[in-house]
Amino acid sequence: MSATAPARGAVAGGWDAAYRGVRVVVLGAAGFIGRWVARELAIRNARVYAVVRDRQAAVRILATCGTAAELVELDVTDADSLLAFMRAVRPAVSFNLIGYGVDPSERDVHAAYRVNARLVGTLCAAAAAARDPGWRGQHVVHVGSALEYGKAAGSVAECARPHPDTLYGRSKLAGTCILTRECQRLGLRGLTARLFTVYGPGEHPSRLLPSLMEAARSGQPLRLTSGEQRRDFTFIQDAAIALLRLGVVSSVSGEIVNVATGKLISVREFAETAAHCLGLPRHLLQFGALPTRPEEMYHPEVPVERCRRLLGWVPSTTIRDGIRQTLACMRQLP
């Protein structure tokens, strides 16, 4: 199926055309995934309201990825402020990409549940009060996490009973449950898109690919774990496009959708592929020099049938192509 084929139950005219001139809110637009969602929406001529915490920092970040959007500095955890903003904008759809706890330094329990859970309920209430009655797609697309599954007896199917064993996973799962409940209570169309291992331009410098790129630049050895853990690596542009495609689906509400390729490769294979693309000598990859983190998640291949059924498509950029696209993008940056 082509990249522009309409999603099942989608807004008429195809998912690309559906966003033209449409008001869209992106919460967390200065983050790694948020910047790409805002970018892809702007490319499709949506009226993008990029909600950020720090306008000055966001100007620099959004300029880097070439996004044309109206920046809105807002404390989204303040229910009254968020409601007033939503009523002023009356968006067709809101993408929630705000999260707390990905950074290892973020370990405040109250902050995690305020941002990852209670904010979801606040957003749903605001979306219900200020929705665009002419929009047939989702009103809220909430981004979840693979860590919501935790130790789910090996299964990461959307119907599996989750057993998150990290603060981030538990608080994100609470947000997913709130979304499902509020969609039913408010008659709202919304869904949770669970992302797995997303990589590409704009990642935090401490992540795997940026660390490999820095090693290639500096010529210094890179200490790594054994790399035996297997991951579903999804290129950032694919992840962003999947979220946009889900946004125009009108046939479901309250569901969870895995957004992944459905294929696993080991961290070691990813690193070795990147090293080849970067011209990084293999002997600089010091596998086993670091211990595997206790919260590392092990799971079988990710079921993506629901994503395929709803969209007629799943992310498919290969690791090699994704790394090459990342390098090409980074070379264009000032």
Side-chain angles (χ1 to χ4, degrees), residues 6-11 15 18 22 24-28 33 37 76 79 82-83 86 91-99 113 115-150 152 155-164 168-196 239 242-260 302-314:
R8 182 174 298 182
V11 176
W15 75 271
V22 170
V24 182
V25 165
V26 180
L27 304 185
I33 301 172
V37 169
V76 295
L82 181 58
L83 177 59
M86 294 286 279
V93 55
S94 299
F95 292 88
N96 179 30
L97 294 116
I98 294 179
Y113 279 90
V115 174
N116 297 339
R118 290 195 292 277
L119 169 61
V120 180
T122 302
L123 176 60
C124 287
R131 72 185 85 180
D132 179 349
W135 177 253
R136 292 181 51 229
Q138 299 293 303
H139 298 113
V140 175
V141 176
H142 169 62
V143 173
S145 168
L147 290 175
E148 294 178 49
Y149 290 111
S155 174
V156 288
E158 292 95 340
C159 61
R161 184 175 181 179
H163 296 280
Y168 185 69
R170 289 190 293 270
S171 56
K172 290 294 286 184
L173 176 61
T176 293
C177 293
I178 288 172
L179 178 87
T180 300
R181 182 192 71 207
E182 292 302 280
C183 283
Q184 182 176 7
R185 186 178 72 87
L186 298 169
L188 199 67
R189 291 189 298 275
L191 54 78
T192 295
R194 279 189 179 148
L195 304 184
F196 285 73
L243 295 176
L244 266 63
R245 283 172 168 264
L246 288 169
V248 304
V249 172
S250 60
S251 59
V252 300
S253 180
E255 288 201 23
I256 299 164
V257 182
N258 287 336
V259 173
V302 180
V304 292
E305 288 78 11
R306 183 172 291 178
C307 181
R308 194 185 304 277
R309 172 175 58 83
L310 290 173
L311 306 183
W313 172 90
V314 295

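The figures here come from the full heavy-atom set of this structure, side chains too, leaving out hydrogens, waters and symmetry mates. Count residues from 1 along the sequence.
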Approximate separation, where rounding is to 0.5 Å, of [X] [atom1] and [Y] [atom2]:
X    : Y    : atom1 : atom2 : result
S253 : E182 : OG    : CD    : 11.5 Å
Y113 : I178 : OH    : CD1   : 10.0 Å
H142 : R194 : NE2   : CZ    : 9.0 Å
L27  : L82  : CG    : CG    : 6.5 Å

Answer yes or no: is there a side-chain heavy-atom contact under 4.5 Å between [X] and [Y]?
X    : Y    : result
V120 : T192 : no
L246 : W15  : no
V76  : L119 : yes
P91  : D132 : no
Y168 : N116 : yes
L147 : P164 : no
L243 : L97  : yes

Between [X] (side chain) and [Y] (backbone), is there a donor-acceptor pair under 3.5 Å?
X    : Y    : value
K172 : A146 : no
Q184 : R181 : no
R306 : N258 : no
Q138 : G190 : yes
S171 : A117 : no

For [X] and [Y], which heavy atoms make the closest approach, and how far apart are they?
X    : Y    : answer
R131 : G187 : NH1-O, 3.1 Å
L179 : C124 : CD1-SG, 3.6 Å
L310 : S251 : CD2-OG, 4.1 Å
T176 : E148 : OG1-OE1, 2.8 Å
A126 : L83  : CA-CD1, 3.9 Å
V248 : W135 : CG1-CH2, 4.0 Å

Next on the checklist: Show, in sequence, the C-alpha distance, side-chain angles and deciding distance for V93 and V140, and conclude whether the side chain to side chain contact (heavy atoms under 4.5 Å, CB included) test is met.
Outcome noted: CA-CA 6 Å; V93 55; V140 175; over 6 Å; no
Item to check | Residues R308 and E305 bridged, charged N to O under 4.0 Å | outcome: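 Answer for the salt bridge query: no.
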Checklist entry - Run the side chain to side chain contact (heavy atoms under 4.5 Å, CB included) check on M86 and S94 step by step: do they pass? => result CA-CA 9 Å; M86 294 286 279; S94 299; 3.3 Å; yes
Checklist entry - side chain to side chain contact (heavy atoms under 4.5 Å, CB included) between W313 and V304: does it pass, once the steps are laid out? => result CA-CA 10 Å; W313 172 90; V304 292; over 6 Å; no
Checklist entry - Is there a side chain to side chain contact (heavy atoms under 4.5 Å, CB included) between V24 and V37 once you walk through the steps? => result CA-CA 10 Å; V24 182; V37 169; over 6 Å; no
